[in-house]
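To keep things clear, I will list the structure first and then write my remarks on it.
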Amino acid sequence: MTDLSHFLCRTKTAFGAHALSHLPFDLSGMDACKPFVITDQPARDAGLHNLLTAAFKDSDMALGITTLTDFDDIEPLYHLFVDKGYDSILALGTGPVVRTAKRLNLAVCMGPEILRSDAGPQQINRPLLPLAFIPTLPSDGCETTMTLVLDRFFVSPFLSADLAVVTPEAMLGAPDNRILDAGLTSLAVCCQAFVLSGSPLVRPHAATGIRLVMDTLLPLIQPPGQDELLCQKAKKNRQLPLAKLTLASVLSGYIRSHIPDLNTYLIQVSGMDMALALIPMLDTCKGASPWPGKLLLPLTDPDRYTAVPGHLRPEAAIQTIQQLVRDLSWTLPEEVSHGDA
Amino acid sequence: MIDFMEILPGRQRLKRVYLTLILWFFGRAIQAAARVDHGVKSEFAAMPGHYTFCLGAFPNGPFMVVGKDAQGRVRYLGSSTANRTIHLHLMFKSINLLFVTLTLQESTSTANARDRLFVSGDVPQACAVVRVMDLIQVLLLPKFLAKLAVKRYPDWSLKRRTLVRAMVYIRAVAGH
């Protein structure tokens with residue numbers, strides 16, 4: 001009998017140059033004409049709101065841009081949103097910005113009382129307002145899941161962003177530990193999904209995520225002290241690999257929506273720990289299924305994959321991950337490899 | 001603590017002027033090429049009578065409207081879409097994306113592959129219009145620029161490369 005597989009991804013993902021120029025059209029396709037932008041101080045300081053404003057020129061859409069410093073209290077945001085008649089939300093930033101955007105969306109569409117901790121269980125059973133997510137950094141992928149974690153869990157496909165726009169121009173500089181954590185988290189989620197999910201629909205997303213991490217993570221982690229020496233051009237050159245790593249985070253979020261057990265566990269664990277935990281997991285599975293061996297293909301390249309005999313591929317996949325972790329440990333400053341990670 | 005501002009993003013005047021000029025010349029070149037170039041002529045011959053199409057940027061243009069009149073002659077009908085029955089819209093999703101294509105940073109086929117434009121109308125006619133656009137770009141631009149604009153540079157006869165091209169230029173400037 002054929003196994004049952006599900007895959008639901010409500011989010012349209014745009015990646016690459018001029019991706020932001022598609023945003024006004026996509027929003028108007030969802031009947032939105034007055035977007036409310038939520039952003040954070042680093043994005044504002046880097047002038048990313050100007051990038052967004054430039055993309056909306058000639059679109060006849062007015063933008064309300066809010067820079068948040070306090071992510072806990074959404075009451076002023078709620079009143080601003082309702083009083084000025086906004087009809088969609090753009091989250092320009094990562095974790096806390098998107099969480100605030102989802103909370104605001106819930107409050108506007110389902111009533112503010114839904115967010116109260118003493119409110120009973122409520123089902124989100126209708127579409128919310130259009131929500132677009134423009135990441136500025138790689139992250140753990142929580143932004144693109146169907147969940148919202150407050151003092152209780154909200155899970156609904158309607159909580160997913162409608163659009164995720166990953167563009168190199170919107171990338172901020174990130175500290176190495178942040179990049180490492182995001183990259184290894186995405187790698188661990190994608191590898192686990194590739195080997196364990198049993199779903200032919202999840203695996204292509206996982207393979208793409210793995211490939212993106214393997215291509216970008218190591219070059220992005222700079223040797224100690226080199227950050228200060230980076231000139232403006234070198235920083236610009238980092239934007240494309242950063243955007244690719246961010247895309248891997250976005251994809252890992254879609255995958256995590258389909259592995260709910262993994263989802264709760266992953267929230268507390270750092271990327272390096274997850275990558276280390278991945279190795280014994282692959283070791284355990286290598287005799288039971290062909291997928292640890294097939295993992296070698298996205299982890300390396302077709303030439304290496306075909307050069308390794310079939311029965312040695314699981315071991316080669318494990319060695320590739322071990323080698324990556326070793327290389328990262330060498331490259332990272334000591335306080336990052338032993339402290340934060 | 002909330003820092004809030006409302007922005008009306010405004011217009012990109014320089015881009016608009018550039019695109020309006022390019023589309024104006026492009027429209028006149030289509031009208032000219034439909035009379036002197038057999039490739040463009042045959043593409044239009046296959047279209048139904050009184051057929052009108054529009055190329056532009058969503059939502060406020062600029063636009064280029066071209067149509068066949070009662071006698072089957074191809075005419076550039078200006079830049080306004082108001083009070084016209086338009087059978088085919090080829091619209092770039094924003095003025096920025098139209099600018100990227102018309103400054104040859106991306107070929108028409110690449111723009112299409114990257115989902116930069118949408119079509120409202122019949123697909124066969126849309127394909128014909130894209131082919132006409134490719135022919136016009138080859139006729140108007142020198143080879144090194146046209147190669148950026150089209151997928152494959154055609155191998156044309158000397159007459160078509162020189163005489164027909166000159167005729168298209170003269171007629172486009174004169175408006176015939």
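Numbers restart at 1 for each chain; the letters A, B, ... are given by sequence-line order, proteins then strands. As the structure is a prediction and not an experimental result, all values here were calculated from the model. We use all heavy atoms of the structure for the numbers below, so side chains are in, but hydrogens, waters and symmetry mates are not.
Residue A:L23: no heavy atom, backbone or side chain, is found under 4.5 Å from chain B. Only the backbone of A:S59 comes within contact range of chain B, judged by heavy atoms closer than 4.5 Å. Proximity to chain A (any heavy atom under 4.5 Å) is restricted, for B:I95, to the side chain, taken from C-beta onward. Proximity to chain B is limited to the side chain of A:Y86, based on heavy atoms less than 4.5 angstrom apart. No part of A:A14 comes within reach of chain B, as not one of its non-hydrogen atoms sits under 4.5 angstrom from that chain. Proximity to chain A (any heavy atom under 4.5 Å) is shown, for B:F92, by neither the backbone nor the side chain. If you measure heavy-atom distances from A:S28 to chain B, the contacts under 4.5 Å come from the side chain alone. Of the atoms belonging to B:R16, it is side-chain heavy atoms, and not backbone ones, that fall under 4.5 Å from chain A.
Counted by atom type alone, A:Q41 and B:D3 present zero donor-acceptor pairs between their side chains at under 3.5 Å. Side-chain atoms of B:T103 and B:Y18 include no donor-acceptor pair closer than 3.5 Å. Checked by atom type, the side-chain pair B:S109/B:S107 shows a donor-acceptor distance below 3.5 Å.
For the options A:A62, A:G64, A:S21, A:G16, heavy-atom pairs under 4.5 Å to chain B are most numerous at A:S21. Counting heavy-atom pairs closer than 4.5 Å to chain B, the top-ranked of the candidates A:H22, A:M61, A:H49 is A:H22. Among the candidates B:N96, B:L97, B:L8, the residue making the largest number of heavy-atom pairs closer than 4.5 Å to chain A is B:L97.
Judged purely by atom type and a 3.5 angstrom limit, A:T11 has no side-chain atom pairing as donor or acceptor with the backbone of A:A164.
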Can A:K84 and B:E6 be said to form a salt bridge (Lys or Arg N to Asp or Glu O under 4.0 Å), step by step?
CA-CA 10 Å; A:K84 292 194 176 275; B:E6 193 162 79; 5.1 Å; no
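A cation-pi arrangement is absent between B:K93 and B:F58, since the terminal nitrogen or guanidinium carbon is not both under 6.0 Å from the aromatic centre and inside a 45° cone about the axis.
For B:R11 and A:D60, the salt-bridge test passes: some basic side-chain N is under 4.0 Å from an acidic carboxylate O.
Heavy-atom minimum distance, B:R84 versus B:S80: NE-O, 3.2 Å.
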